[in-house]
> 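Dumping the structure here so I can ask a few things about it.
We number each residue from 1, following the sequence as shown.
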Amino acid sequence: MDINTLEYAQKLDSQDQLASYRQEFYLPEQKIYMDGNSLGLLSGRAERTLLELLDSWKTLGIDGWTEGANPWFYMAEQLGERMCTLVGGKESEVIATGSTTTNLHQLVSTFYKPSGKRTKILADELNFPSDIYALQSQIRLKGLDPDEQLVRVKSDDGLTLDEKRIIEAMTDEVALIVLPAVLYRSGQVLNMKALTEAANEKGIPIGFDLCHSIGAIPHELHDWGADFAFWCTYKHLNGGPGSVGGLFIHERHFGKAAGLAGWFGSDKTKQFDMDHKMTAAADAGAYQIGTPHILSLAPLIGSLEMFEELGMERIREKSLALTSYMLECIEGELSDYSFGIGNPIDSTRGGHLLLLHEEAARICQALKAEGVIPDFRAPDGIRLAPVALYNSFEDVWHTVQILKRIMKDETYKQFPNERGVVA
Ligand SMILES: Cc1ncc(COP(=O)(O)O)c(C=O)c1O
Ligand SMILES: Nc1ccccc1C(=O)C[C@H](N)C(=O)O
């Protein structure tokens with residue numbers, strides 16, 4: 001059967017063991033959502049647990065901290081325990097807290113101890129800007145110059161990184177390493193195990209940004225020996241806009257004083273002693289700062305159930321099948337239209353694909369006008385994320401067919417080649 005047919009896509013859907021999960025989600029009507037790597041969709045379960053949370057506030061008031069089905073005081077720890085399998089950490093090593101950028105600040109302020117010759121932070125030139133801004137400001141806080149102390153490993157093709165080069169850059173001047181697990185543009189999955197082994201051997205603390213990897217690929221942070229990691233939960237974990245993030249800290253660091261302390265990092269039995277001498281929690285909880293954003297934690301209570309039911313291996317398997325089918329359709333249908341493939345085509349690709357085209361900004365606008373939601377990443381990238389939990393093979397087929405029509409009829413030329421305010 002020709003793979004570039006609706007019948008073929010429907011056959012793949014009929015064999016898909018995860019297909020029923022699509023019904024768990026609110027899919028925007030008459031649209032094909034391909035942007036779950038930027039903001040995941042709302043599920044009925046996440047909606048239910050958010051509404052239950054509101055109800056606990058309505059009926060319990062202050063007692064909601066300790067009473068009801070999900071006492072707020074323990075929610076960050078409980079969700080941390082539930083997220084631990086997604087990152088391959090122990091229950092005590094993970095906490096739901098903060099946001100990606102605030103968690104990065106917390107961890108860098110905990111781990112970055114420039115001294116003597118060892119003063120630099122090693123990152124990469126493709127990293128997400130917020131991480132770079134955070135690292136620059138942390139260097140400044142130490143009275144040092146980010147232009148001298150922040151080393152950004154170069155990329156040969158502007159899309160991917162070579163682990164060998166990163167390892168070569170782990171010199172005796174490096175005090176800390178911060179890298180993405182999956183690159184936000186190209187979707188390349190870095191070999192976190194090899195990078196961690198090399199960093200451990202040289203005694204340099206290493207941490208990973210899991211924004212684009214958590215819920216998309218499996219991790220084994222504890223066994224690999226990573227020092228720390230941090231992430232958001234609003235992409236593949238479908239926690240909602242601005243939902244609370246998470247962090248992992250390897251148990252060998254338990255007891256290390258948090259760079260940014262606050263009372264919610266206390267041992268929970270001591271917190272309300274109100275003593276000015278802090279007794280920090282004995283585990284990852286110690287790296288919390290202030291009162292948890294309970295309303296932004298609540299959707300995760302329901303959303304994470306689906307990851308627990310399925311396990312990351314099955315989710316990754318479907319994700320790879322979806323992106324592999326999309327790559328085949330692109331190859332078969334779009335070869336006349338000067339697209340480049342920006343993502344790795346082997347299994348070092350993450351949960352999304354990156355199509356490259358000079359007219360990418362206006363092609364994205366044309367796709368949106370036709371009901372397909374991608375996202376544009378400057379200067380020339382179209383990211384497409386068929387998500388295992390709620391996208392179908394038929395979605396993939398339609399997306400490529402619509403893209404082909406836009407290119408063939410040149411309807412994208414009706415739009416200016418500019419990005420929106422939120423691209
Ligand atoms: C890789 C990466 N790091 C950091 C961020 C910033 O996250 P936040 O704005 O939640 O701090 C994002 C997305 O916004 C991201 O994709
Ligand atoms: N937090 C956001 C707020 C508004 C719009 C997008 C985002 C994203 O998360 C973008 C994403 N980090 C990216 O990989 O581009």
> Give a yes or no on this: more than 12 heavy atoms of other residues, nucleotides or ligands lie within 6.0 Å of atom CD of Gln15.
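Atom CD in Gln15 is packed in, count exceeds 12.
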> Are side-chain N/O atoms of Gln149 and Thr119 paired as donor and acceptor at under 3.5 Å?
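Per modelled atom types, Gln149 and Thr119 side chains form a pair under 3.5 Å.
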> Under 4.0 Å between a side-chain nitrogen and a carboxylate oxygen: does that hold for Lys270 and Asp275?
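Looking at Lys270 and Asp275, the cut-off is not met.
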> Test the Lys256-Phe111 pair against the cation-pi criterion, namely NZ or CZ under 6.0 angstrom from the six-membered ring centroid and within 45° of the ring axis.
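Yes, Lys256 and Phe111 form such a contact.
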> Salt bridge or not between Asp380 and Arg185? Use side-chain N to carboxylate O under 4.0 Å.
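Here Asp380 pairs with Arg185 in a salt bridge, since their nearest N and O are under 4.0 Å apart.
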> Taking everything shown except Lys142 itself, do over 12 heavy atoms lie less than 6.0 Å from its NZ?
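Buried by this count: over 12 neighbours within 6.0 Å.
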> Report yes or no: does Lys268 contribute a side-chain atom to a donor-acceptor pair with the main-chain N or O of Gly265 at less than 3.5 Å?
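Side chain of Lys268 to backbone of Gly265, a donor-acceptor pair under 3.5 Å: no, none is there.
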> Taking atom CD1 of Ile3 as the centre, does the number of heavy atoms from other residues, nucleotides or ligands within less than 6.0 Å exceed 12?
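Enclosed.
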> Between Glu24 (side chain) and Tyr21 (backbone), is there a donor-acceptor pair under 3.5 Å?
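It does not hold such a pair.
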> Trp72: what forms a side chain to side chain donor-acceptor pair (under 3.5 Å) with it, not counting sequence neighbours?
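Testing Trp72 for side chain to side chain donor-acceptor pair (under 3.5 Å), a comparison that skips the adjacent residues, returns Ser56.
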> Which residues pass the side chain to side chain contact (heavy atoms under 4.5 Å, CB included) test with Ala198, not counting sequence neighbours?
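By the side chain to side chain contact (heavy atoms under 4.5 Å, CB included) rule, Ala198 matches Ile167, Met170.
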> Pairing donors with acceptors under 3.5 angstrom, does anything connect the side chains of Asp162 and Thr160?
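On atom types as modelled, these side chains do not qualify, holding no pair under 3.5 Å.
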> Flag the pair Glu197 and Lys193 as a salt bridge only when some basic side-chain nitrogen lies within less than 4.0 angstrom of an acidic carboxylate oxygen.
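So Glu197 pairs with Lys193 through a salt bridge.
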> Taking Leu18's backbone N and O only, do any of them form a donor-acceptor pair with Arg314's side chain (distance below 3.5 Å, no angle check)?
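Judged by distance alone, no pair lies under 3.5 Å.
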